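First the structure, in the form of structure tokens, and then the observations on it.
Remember, it's a predicted structure, so these values are computed and weren't measured experimentally. Each chain gets a letter, A, B and so on, in the order the sequences are listed, and its residues count up from 1.
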Amino acid sequence: MNQKALRLELLTLLTDLLGEFKRPGTSSIPAIYVGEPPSEFVASGLECNIKRLPRMNLSPLQNNEAELRRTFEVRLIEHSGTDLEKAVLVLARRFKDAEIRQIDASERLGVLSQVVFLIQ
Amino acid sequence: MTFLLRLVISLKAIGYPVPDFEFDLDEAAIEALALESFKEANELFASDAAFEITSAKWDWPNAPSPRDIVDDGVLRDSYVPSPGRTEYSHDWTAEYAELVRSGATFKADSVPGKIWINLTGKPEMPGRDWTEKPLKEFNANMQKILDDKVGDL
């Protein structure tokens, strides 16, 4: 799997739940992006971000072989609305072995509700 | 609302390594060695995690960079171990522990959001996962500890 394939799969899985990126002077697009979205994109609803560089781990095997394992970091961010939990359930069903990290919204800390999936 | 960080390392989940050779020991003795090794591997994990927090290896958008993950020491000092026989919990009880480990997106109009927009143009703080390397090394460390103990017999 690579970032492009992962993005396509996530777009399909989350098609009814994703919010949008408003872009100045042009039409909105689904709020899913690999890497850093341009600063002029304004997200609303549920955003899905895939970190461009996966975590990489090299494990030695027998016969001088090695295995490179990649772990993709996918972050679901709830800018508005209430679709985060539904989106987490959808991804959890698909990526059953993923590690999930949860950050709840806090007015005091200014943080949005978000969930990170670490997917191998 | 807190974001304390709890990591539970389970002996069963990591496969309960047993040395692969014939040895004249009863099962209880082998189990005791494995459990002792599990405890020591977790203590090593805790020490390695503390080292990661205090290491100046983490990229940061302003000087000094790379830097450690110590500001006032609250995160570093919030570590609480909960040893168990086959499960060992590692808690970091600082309320923002998970934010620091995984990074976070802030509201653009919040104070931290504005600070980060000033620094990087985006209201996002990068994650600094001080548990990643010690976790990657856990199984190999435990195997080595167990092998050394068996070798000492």
Side chain proximity check, Glu95(B) to Leu109(A), heavy atoms < 4.5 angstrom: yes
More than 12 heavy atoms from other groups under 6.0 Å of CG on Asp97(A): no
Non-hydrogen atoms of Arg75(A) and Thr105(B) that approach each other most closely: CD-OG1, 4.2 Å
From Lys136(B) atom NZ to Thr71(A) atom OG1, the distance as rounded to the nearest 0.5 Å: 8.0 Å
same_hphob_cluster(Phe21(A), Ile77(A)) at 4.5 Å side-chain heavy-atom cutoff: no
Residue-level interface, residues 38-58 of chain A with chain B, non-hydrogen cut-off under 4.5 Å: Pro38(A), Ser39(A), Arg55(A), Met56(A), Asn57(A)
Exceeds 12 heavy-atom contacts within 6.0 angstrom, atom CD of Glu99(A): yes
same_hphob_cluster(Leu8(A), Leu14(A)) at 4.5 Å side-chain heavy-atom cutoff: no
Same apolar cluster (I L V M F W Y, side chains within < 4.5 Å links), Leu18(A)/Ile29(A): no
Residues, nucleotides or ligands: over 12 heavy atoms within 6.0 Å of Lys122(B) NZ: yes
Heavy-atom contacts under 4.5 Å, residues 106-115 of chain B to chain A: Phe106(B), Lys107(B), Ser110(B), Pro112(B)
Atom pair OG/CD of Ser102(B) and Gln102(A) - distance to nearest 0.5 Å: 11.0 Å
Lys57(B) atom NZ, over 12 foreign heavy atoms within 6.0 Å: yes
Hphob cluster co-occupancy, Val88(A) + Leu91(A), side-chain heavy atoms under 4.5 angstrom: yes
Met1(A)-Leu13(A) co-clustered via ILVMFWY side chain contacts under 4.5 Å: yes
Contact class of Leu112(A) relative to chain B, heavy atoms under 4.5 angstrom: both
Any Ile103(A) side-chain heavy atom under 4.5 Å of Leu99(B) side chain: yes
